[in-house]
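Atoms considered below: every heavy atom in the structure, side chains included; atoms not considered: hydrogens, waters and symmetry mates.
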Amino acid sequence: MTSLTTPQTILTSAEEFDFENFTFGSTPTDHLFFANYDNGSWCNPRVEEFSNLSLSPFSLCFHYGQTVFEGMKAYRISEGTINIFRPDRHLARMNRSLARMCMPEIPKDLFLTGLEAIVKADHSWLPDGKDKLALYIRPFVIATEPRLGVKVSDTFLFCIACTPITQYYNKPLRVKVETEFSRSSEGGVGYAKCGGNYGGAFYPTYLANQQGFDQIIWTDASTHKFLEEAGTMNIMVIADGKLLTPPLSSSILDGVTRNSLIQLCRDLGILVEERRISVAELANTLAHNEHVEVFGAGTAAIVSPIASIHIDGVDYHPYTGVNAVMYHLKNELEKIRRGRKPDTHGWNYLVNI
Ligand code: COI
């Protein structure tokens with residue numbers, strides 16, 4: 001009965017998959033990694049063939065949002081080697097998210113065991129010689145205790161799923177600066193990668209889509225005067241030869257791509273300012289300078305150029321031409337993680353297959 005009413009995930013083998021033409025996130029790879037949390041510790045790590053989960057409808061994750069996830073990437077470096085990009089930083093963020101959601105942290109050896117096992121099991125999803133292709137890795141933890149009472153779950157499931165990815169956004173974005181709805185307030189869960197942050201953004205994003213925008217740039221919840229992030233990515237501006245980006249706070253996700261691009265700028269001698277950027281400052285800068293770049297930075301988004309920004313009824317058009325610094329930053333980052341430039345910061349975690 002349930003299998004008739006529940007859409008089943010569409011499964012394809014890597015050999016049959018069309019790597020030139022696909023929609024991100026619709027096709028899983030062949031395997032899943034699992035571990036269970038029970039009686040106060042993580043146990044039973046294992047790789048299984050992909051299949052749907054079977055959970056009690058009472059499971060706490062369905063009702064009170066005790067869910068956390070990460071978004072990471074792996075790259076084929078050579079026939080026998082896959083690179084998982086910055087797993088240590090993703091784990092640190094995941095554990096901060098888990099702590100905020102009152103969920104048990106994942107030990108480093110369990111995380112790395114899971115990542116290595118899944119990329120080994122699914123390495124055929126990263127065929128050699130595909131320049132734009134990466135494996136998107138989605139570790140997540142959900143509360144599984146079957147209870148309708150509002151409580152912290154006593155049991156959890158840790159799962160790692162994967163799907164192929166090229167570029168999440170395939171054209172420069174039209175965005176609006178949101179000054180009515182808020183994504184997160186100070187002291188809230190904005191810095192945590194928990195499911196509710198994304199679900200809460202759906203309605204304002206839906207309204208923005210109706211108005212012809214692809215995405216929203218959120219502003220601070222108390223004044224709506226300062227830029228925060230874009231929900232699916234951090235926001236960065238290149239103006240006067242400097243990189244500007246809002247500082248991390250309890251309402252902004254500590255993006256791994258954000259951190260990597262800041263480091264690359266420093267390596268390249270580009271000044272970086274992590275500071276509050278007011279909506280008024282951005283509008284003024286865009287109105288008076290020809291070369292201002294605005295882009296989103298994220299694991300899935302990589303570097304996503306913003307072609308138009310709607311602020312207080314006016315559309316501004318940041319520079320997206322071939323000389324944009326953001327493309328150079330993106331290329332530098334891609335070269336490092338695809339093994340074409342020395343990894344001077346120790347970001348690459350190489351797995352032999
Ligand atoms: C990521 O970049 O990994 C995210 O979680 C954002 C989402 C757009 C896939």
Side-chain angles (χ1 to χ4, degrees), residues 14 17 19-20 22 24-25 27-33 45 47 69-95 106-140 159-168 193 233 254-268 297-304 327-353:
F17 187 71
F19 285 101
E20 305 306 322
F22 64 94
F24 167 74
T27 308
T29 57
D30 302 316
H31 296 89
L32 296 168
F33 175 84
V47 172
F69 68 95
E70 266 303 312
M72 314 176 48
K73 277 185 180 165
Y75 304 81
R76 171 77 63 174
I77 297 257
S78 69
E79 210 186 320
T81 319
I82 284 181
N83 173 32
I84 303 175
F85 189 66
R86 302 195 76 178
D88 49 346
R89 200 161 176 103
H90 281 284
L91 176 62
R93 183 174 70 184
M94 186 162 199
N95 281 339
I106 305 283
K108 185 173 175 181
D109 59 345
L110 176 63
F111 194 65
L112 294 177
T113 300
L115 290 173
E116 287 194 31
I118 201 78
V119 299
K120 281 183 181 169
D122 284 340
H123 73 90
S124 56
W125 288 85
L126 265 183
D128 213 357
K130 298 234 176 278
D131 247 21
K132 300 262 174 323
L133 187 73
L135 189 67
Y136 183 83
I137 306 176
R138 173 55 62 89
F140 62 96
C159 177
I160 308 179
C162 300
T163 192
I165 187 167
T166 48
Q167 175 91 35
Y168 190 75
K193 213 159 166 63
M233 48 197 188
D254 180 359
V256 176
T257 308
R258 174 188 181 280
N259 176 273
S260 308
L261 294 178
I262 287 175
Q263 184 59 56
L264 286 182
C265 281
R266 295 198 166 122
D267 295 349
L268 293 164
T299 295
I302 319 177
V303 165
S304 287
Y327 302 136
H328 182 54
L329 294 175
K330 179 181 173 185
N331 286 341
E332 290 296 292
L333 183 61
E334 287 290 285
K335 277 191 232 160
I336 293 171
R337 46 201 191 180
R338 292 181 186 278
R340 294 184 197 134
K341 247 200 116 164
D343 170 28
T344 52
H345 297 290
W347 289 341
N348 294 343
Y349 184 84
L350 303 182
V351 179
N352 295 323
I353 357 209

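No side-chain heavy atom of Leu112 sits less than 4.5 Å from a side-chain heavy atom of Leu91. Lys120 has its side chain out of reach of Val47: every pair of non-hydrogen atoms, C-beta onward, lies at least 4.5 Å apart. Between Trp125 and Leu133 the shortest side-chain heavy-atom distance does not fall below 4.5 Å. At a threshold of 4.5 Å between non-hydrogen side-chain atoms, the residues Phe17 and Thr27 count as touching. Inter-residue side-chain proximity for Val119 and Ile137 is flagged as met; some heavy-atom pair is nearer than 4.5 Å.
Without hydrogens or angle criteria, Lys193 side chain to Met94 main chain gives no donor-acceptor distance under 3.5 Å. For Arg93 (side chain) and Asp254 (main-chain N/O), a donor-acceptor pair under 3.5 Å exists by modelled atom type. Using a distance-only test at 3.5 Å, with no hydrogens or angles considered, a donor-acceptor pair links the side chain of Arg76 to the main chain of His123. Gln167 places a side-chain N or O within donor-acceptor distance of the main-chain N or O of Ala301, the cut-off being under 3.5 Å.
Figure legend: Arg337 and Phe85 shown as a cation-pi pair, the cationic atom lying under 6.0 angstrom from the six-membered ring centre and within 45 degrees of its axis.
Applying the salt bridge (charged side-chain N to carboxylate O under 4.0 Å, His left out) rule to pairs touching residues 121-130 yields Glu20-Lys130, sequence neighbours excluded.
Applying the ring pair (Phe, Tyr, Trp, His ring centres under 6.0 Å) test to Phe24 and every residue at least two apart in sequence or in another chain returns Tyr136, Tyr168.
Between Asn83 and Trp347, the side chains place no donor N or O within less than 3.5 Å of an acceptor N or O (distance only, hydrogens not considered).
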Review item, side-chain donor-acceptor pairs of residues 260-267, under 3.5 Å, at least two apart:
unit_1, atom_1, unit_2, atom_2, d
Ser260, OG, Arg86, NH1, 2.9
Ser260, OG, Val256, O, 2.7
Gln263, NE2, Asp267, OD1, 2.9
Asp267, OD1, His345, NE2, 3.4
Asp267, OD2, His345, NE2, 2.7

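Contact between Lys73 and Ala300 at its shortest, heavy atoms only, is NZ-O, 3.9 Å. For the pair Gly71 and Arg138, the tightest heavy-atom approach, listed with the atom from each and the gap, is CA-NE, 4.5 Å.
Arg338 has no carboxylate O lying under 4.0 Å from a charged side-chain N of Asp131, or vice versa, which leaves the two without a salt bridge.
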